[in-house]
Every structure is written in structure tokens, then in C-alpha cells.
Amino acid sequence: MASLPSVAVTRTLKLDPEFRKHPTGSPAAEKSQSISYQKNQTLPHLDGSSKLRSLDFREALLMIKEGPEKVQSSCYVPLLQECIDRNSVLDAQIVHGHIMKTGTQEDLFTMTLLINVYAKCGAMENALKVFDNMTKRNVVSWTTLMTGYVHNLQPALAIQVFQEMLETGAYPTNYTLGTALNACSLLQSVRLGRQFHAYIIKYEIDFDTSVGNALCSLYSKLGNLESAIKSFERIREKNVISWTAAISASGDNGEATRGLRFFSEMLANDIKPNEFTLTSVLSLCCTTLSLGVGSQIHSMSIKLGYESYIPIANSIMYLYLKCGWVSEAHKLFDGMETVSLVTWNAMIAGHAQMMEIVGNDLSACKSGYEALSIFVKLNRSGMKPDLFTFSSILTVCSRLVALEQGEQIHAQTIKTGFLVDVVVGTALINMYNKCGSIEKASKAFVEMDTRTMISWTSMITGFSQHGWSQQALQLFEDMRLAGVRPNQITFVGVLSACSQAGMFNEALSYFELMQKEYKIKPVMDHFACLIDMFVRLGRLNEAFDFIKKMDLEPSEFIWSLLIAGCRSHGNSELAFYAADQLLKLKPKHTETYVLLLNMYLSAGRWQDVSRLRKVMRDEKLGKLHDWSWISIKDKVYSFKPNDKSHFHSADIYESLENLLDRAKSLGYESLETLEITDEDGEKTPSSTAYHSEKLAIAFGLLNTPNAVPIRVIKSVFMCRDCHNFVKLVSLLTAREIIIRDSKRLHKFVNGRCSCGDYGGLI
DNA sequence: CTAGGGTTAG
């Protein structure tokens, strides 16, 4: 342990006056005495204590309550430890009473322990009373009191205690400073942290392991990764905790890969990871989706004996789910002997994450319903869901477009009081938005007590996706008036609102505002909004000019927007140029190739067709799976194009034919196209008449009461033809139809779609 | 002194 030089420190460390005065006034000044204090120290085994130790806790308490006899002070240690484990203030008070009766209150060590017990049980008033009544104190008692305030999230009081300790002339140890640094990170105070750091440097103890560890973690929590790493590097003898601090600092500050490098460096230095290290590394694997490293950690944790350590098991499960290895995650979950609420939450959140990553396909749908059933099991298990559970499960509902379940969960969040949590509230808004219930979303938004930037952004995006451009822009202005700083994503919402409404000048001025006033660098999504706007307006050459002027390399998505625009506004020369550019990017999505194939097919460019087929084979891209699903009364029904497998297939087709006829009377004509339907690239004539969403809608209309909105999820993006058709169906049947395809949300009402005939429609 | 689960995107 590095000891501090005996220098009066009061004047070298000027603390902010803003911290409240210690409530009980200044404690008696007393010189500290040196006592070594270690958590796991073995205590002398004395007569009185061995008797107590052999007894059950309750019996021991009883004995202590009744027996006035004097016992060795060390016999209180296991009893007090037990009080912490049971988190029981009442038991602690019983032991406390005995201590007072037997005169043990003179014992510094026991009284300090008692402070710690009260502090850990959340009874700081009691801890403070003990401290104030102590006849002597040393730096450990001061430090313990500080630690108590930090533990109970009262960092300002911890600093106050520190200051008073200095006034008494006591010298802080490295533990004291470590605790003070923790208080600084809770206070999020860079200024105070720097003052402590200066002090630490002055007394040359920044190389000390525990001080260095605390500094590293402080800077990390203040968002200053470089200083955190520097503090770490200055540590002379780095222990597991030092390495773990560096690893998690990297992860917490968005440099997961760097964290993984620290981990391998640590192993190269022959430092054995502990359970904390492994959980930190696993969370890095979660952000980098490193399944390989993750499964290595899995075997390492088994080898090191952490197999049943719940946080590790939770992280591994979560990682496997995020990486799509569902069966292994479930195997782990089923094999766990004890689970915590976090385990349930990790399962639910993991399924939600997996849905996000795989997109709108069958496995995502299955995952979503699996998450809902896990949620039901959790409720039955007797454990109570918390705010993490609710925000994840609401996200699941939004990705499933499952309004009924979402509404039930909304009710549960009200009943349990978790709706007041801003993240839960935001997830709720998002759920209503994604389910096409913009009115309920905005009601929930208005009723929120507090809103974060994300809440505003969600609502702005929701308005924009529903085609309510004016409301989106108005809300953006309200947000600015409320002094909330928008981010990148907020501007995606704002720009797409402008683009929908064809508000050309507004779009450009918001684009400028974003860069000039908010110093936000435009990313691909912002350009995509603007290109979409040009395309919608049919100003293809301007779209192309804009693409050329971007200082980013245009993405797949940008080129496919332009191609879509060219197809609908008839500019084949530009379309083929864009197609060439798109192909140079080696697109990874089958959808993109199908778009291009159809383009070449309809132009009769057979050479390009076979060239594309070869690329698709080389890239090992599969077939395009167009399917739609609809959920009715807790059951999910899925449809492929031309699907005749459904039990009521005849009824569905009859009803669809009827709709097609009625639509034709309004001028609709379904397209006959050639599509690549098998791996050899056979050209098969095909009609858009029986695309999957049409079947799902026909089924939905047959099986739900009038006026109930129809909600469909589609695995690939809608074609223009189906889009036209569904607009007419919404008019003919007076039903709201909500379709979420792989690109965006479409809400059809009275012959119009919320996307305002999005420019990316093919 | 170090750790596991949550919200926004074309």
C-alpha cells in the first residue's frame, strides 16, 4: 500500500463549495491511527466466537439478545457479515444493541464494521449515528463512511466527508482516494476528478494499483477513454482489475475492438481473467457480434469454473441470440439451475436484437413470438418484470407489428408503475408508431413527464412515417424550443418528413442547419432522404448530380433509389449506369440482384442476365424469399407468392379475385413480368396478382371483423403494383391496412399510403 | 477498485 507523506493537505485541495455541509456538523478532531483493514482478513478464532459460529444465525442472534455476557469482539464479524448478506437493518440493530451493552463500542474495528453493515443495508442515517458516536476514528472509519455514501448514490456527501476528514488532519490512503474518485464519477464531475488527479500526481501515487484502477474507471465514466488508458498504462503492477478496467473502458466508450486487443494482451501477460473480465469481454463480443471469440470465452469460463456464474451465462446467451444461434441459447437457458430477472430479460432482449439483425424473415417472426412466450412464462414464474423487461418486450411488439399484445403490455406498465420510466415510455411510443397507431403514440408522448432526445426523435420519426410531415416539423421546432439537442437520427426523421411532402427548400435548409448549427456530419441516411426527395419529384438528373457531389461513396441503397426512380419516371440510360455502379459495390442482398435481373430481363439484355447469375452464384446468394405474415388471435399465418397451401385457400383466392376485379374497374391492371424463380436463372412468366401480401390481406379481410385494421409484415419490399393495389383495397373495403416491408412502414387509408408513394418503389 | 439485461434510423 502506498502511504502518503505526512503533509497537511487541507489547503492543497480546494473543493467546490457547492457540496452540502455534513448534516451533523464537524466531528471531533482526532489523529488517525494506523490499522490494516482487509476485507478477507482471517480473524482470530477465540472462545466466545467459536461458540457463536457453530450456531445458526437466528440462534446466535437470540443468544446475543439474551446473554449479557461479554464476548470477544471478533465474534461479531460473521454475524455482521450475515446481516449484510440478508440486507437486514433490524438484525444489525440487534447486534448493535449487544455491542453497546458489552462495551465493545470502544473497539474501533467493530464499530467501523458496523458502519459498513448499515451502509450496505442502505441505512445511512444509522451508519452516520454510529460514526458520530465513535470515541475514536481512523482513516478506515472515514473511508468506510465515504464508501457508504458512494454505495447509496450520495457522492456529494462522500466528498463532504472526505473534506472533513482532511480538516481533522487525517491522511487519505489509496483506498480513500479510490472511493473519492468513484464519487467523482457518480457526480460526473470532470473538474473535481481533475483536482483529485492533480493531488494524486503530486504525491506520486498514480502508479499505485488501486488508485490507477479507480482513475481508469473514472475517466472512462467521464467519457475520456484516452485518459483512462493513460492512467491504466501508468500502473506499475497491473492486476486483473486493472486489465478489466481497461477492457470495459474501451467497450463503454465505443471501442470494442480495442478492448478485445487489451484482453489478448492481458492473456499474453499471463494474467488470469476472473468472472468480471469474462463478462466484460462478452459484452464486447455482443457489440462486435464476435461469435467466435464469444464461444472461446464460453469454454474458458467453463475451464475456470465460472460455468454457473449467472452474469456470464446471461451474457453468453445474449450473445448467441444476437448472433442468431438460437438453439444454443435455449440450450443454455434450459440448463441453468438458477436464473435471475436479468436472465429473463437477456432472453427477451436477445430475441428482440435478433429480429433487428435478421430483418423481416420467418426466423425473426418466430423469435418475436418466442420472446412473447418467454414474457408470459416470466410473469407466471413469480418474478416481477422490470423496466428492462418492458422496454424490450415493447420493442418486440413493435417489430412484430403486434398491437393487441402491445396494448396489454401498455396496461401492465401502468399497473406496475414502470411507464414513468422514460425508456419504457419511449419504447411504448415506438410500439404504437410501428403498429400504425399514430394517435396513440402521440397521446403517450404528450402524457410523458420527461422526454429524452430519443423520445422526441421517435415521435418525429413516427409522424414522418405516417406522412404527417407538418406535425413532424412542428415537433422538431418544439424540441428545439425545449432546448433538447437533436442528433443524426432526429435529422433523418426531419429530412424524410420534408422529402415526403416535397418540401424541397425546407429540406435543404434543415440539411444546412444540421451541419452549421449542430455540427452533425451528414451520413448516408441523410443523403438517402434528399435523393428520395429528388426522385419523388421526378428530378432524376438533379438526384444524380447530388450523388456525384456527395463526399461519401454512394451506398447500395442510394443507387437502388435512383434505379427505382429511373424505372418509374422512364430514364433507362441513367438506370443502367446506376446498375453498373451498384454492381461494382458487390451487393450482399438478393433483393438487389432480383431488382437488377428484372431490369435486364425487361430490356432483353441477356448477356447482363447471365453475368449477374454468375455473380450471384459466386457470392452464394440464395433465392429471394417473398412472403408475408399476418397474426390473428395469437396465431400467425404466412403466405408465399401463389401460395395454395392454406386450408382455406379456395376462399382466399375467391376473395382476392373479387378484389382484383373491383380494383380493375377503378383502372388497376396487374403486371405480367418475367422473374427469375430458380437457381439456373430460368425465366418464368409471373404475375404480380398473387404476391404474398395480396394473399395475406385477402385472408385478413375474411377473418377479422369489419373496421379492424389489417397488419401485415412482408419480408421484402413491396412492388409498385401491389402498392397501387393495396391503396385501392383500402378504399374499396374502408379498412386501414398496415404493411411493414423490409424498407419502411406503409399505412393505407382511403386509397392513400402514408409513404406518399415513396421514391424507392419498384 | 472491476461485471450481466433496455429506447430512436431510409
Side-chain angles (χ1 to χ4, degrees), chain A residues 147 150 174-175 177-179 181-182 208-218 220 239-249 251 273-283 286 309-319 340-350 352-353 356 386-395 398 418 421-431 433 452-462 464-465 486-493 495-496 499 523-532 555 557-558 560-561 743-745 755 758-760:
Chain A
T147 313
V150 170
N174 48 358
Y175 287 106
L177 288 166
T179 305
L181 292 173
N182 289 332
D208 174 81
T209 310
S210 59
V211 171
N213 293 348
L215 274 174
C216 178
S217 117
L218 168 68
S220 165
N239 62 9
V240 207
I241 297 167
S242 324
W243 287 97
T244 307
I247 291 166
S248 46
N274 66 11
E275 65 272 39
F276 296 103
T277 323
L278 296 181
T279 31
S280 299
V281 175
L282 283 167
S283 91
C286 281
Y309 184 70
I310 299 181
I312 291 189
N314 292 345
S315 302
I316 295 172
M317 254 171 34
Y318 185 60
L319 173 68
S340 64
L341 181 57
V342 180
T343 314
W344 291 100
N345 290 348
M347 280 300 275
I348 294 169
Q353 287 284 324
E356 163 78 14
D386 67 357
L387 60 170
F388 290 93
T389 327
F390 285 121
S391 34
S392 298
I393 199 68
L394 284 168
T395 303
S398 58
F418 285 111
D421 179 75
V422 65
V423 176
V424 174
T426 305
L428 183 73
I429 289 173
N430 185 40
M431 185 277 290
N433 277 334
T452 62
M453 180 269 291
I454 298 179
S455 325
W456 289 93
T457 302
S458 282
M459 200 60 232
I460 290 169
T461 305
S464 160
Q465 283 176 335
N487 78 349
Q488 245 185 35
I489 299 171
T490 320
F491 277 101
V492 174
L495 292 177
S496 83
S499 138
V523 295
M524 206 57 79
D525 290 350
H526 301 122
F527 290 113
C529 292
L530 295 172
I531 308 282
D532 177 41
S555 67
F557 181 69
I558 298 276
S560 62
L561 261 178
K743 271 193 187 142
R744 55 171 306 141
L745 184 83
C755 81
Y758 167 64

Exercise. Look at all strands and tell whether A/Ser340 reaches a base, only sugar-phosphate, or nothing, counting heavy atoms closer than 4.0 Å.
Key: base

Practice problem: Assess the side chains of A/Asn239 and A/Ser242: does a donor N or O sit below 3.5 Å from an acceptor N or O? | Solution: yes

Exercise. Would you mind classifying the nucleic acid contact of A/Glu356 as base, sugar-phosphate or nothing, using non-hydrogen atoms under 4.0 angstrom?
Key: nothing

Quiz prompt | Interatomic distance, A/Tyr175 OH vs B/dC1 P [rounded to whole Å] | solution = 9 Å

Quiz item: Under 4.0 angstrom, heavy atoms only, what part of the nucleic acid is A/Ala214 near: base, sugar-phosphate, or nothing?
Solution: nothing

Exercise. Identify whether any heavy atom of A/Val492 sits under 4.0 Å from a base atom; if not, whether one sits that close to sugar-phosphate; answer base, sugar-phosphate or nothing.
Key: sugar-phosphate

Self-check item: Polar contact flag, side-chain donor to acceptor under 3.5 angstrom, A/Ser280-A/Thr244
Solution: no

Practice problem: Using a heavy-atom cut-off of under 4.0 Å over every strand shown, decide if A/Ile310 touches base, sugar-phosphate, or nothing. | Solution: base

Practice problem: Indicate, with a heavy-atom threshold strictly under 4.0 Å, whether A/Asn182 touches base, sugar-phosphate, or nothing. | Solution: sugar-phosphate

Quiz item: Parallel, tilted or perpendicular: which describes the rings of A/His526 and A/Phe491, with under 30° parallel and over 60° perpendicular?
Solution: perpendicular

Exercise. Could you tell me the separation between the CD atom of A/Glu275 and the C1' atom of B/dA3, rounded to a whole number of Å?
Key: 8 Å

Quiz prompt | Check against side chain to side chain contact (heavy atoms under 4.5 Å, CB included), A/Asn430 and A/Leu394 | solution = CA-CA 8 Å; A/Asn430 185 40; A/Leu394 284 168; over 6 Å; no

Quiz item: If you look at every strand shown and take non-hydrogen atoms under 4.0 Å, does A/Phe527 touch a base, only sugar-phosphate, or nothing?
Solution: nothing

Quiz item: Between B/dT2 atom P and A/Leu282 atom CG, what is the distance in whole Å?
Solution: 19 Å

Exercise. Give one of base, sugar-phosphate or nothing for A/Val424, where a contact means two heavy atoms less than 4.0 Å apart.
Key: base

Exercise. To the nearest Å, give me how far apart CE (A/Met347) and P (B/dG4) are.
Key: 19 Å

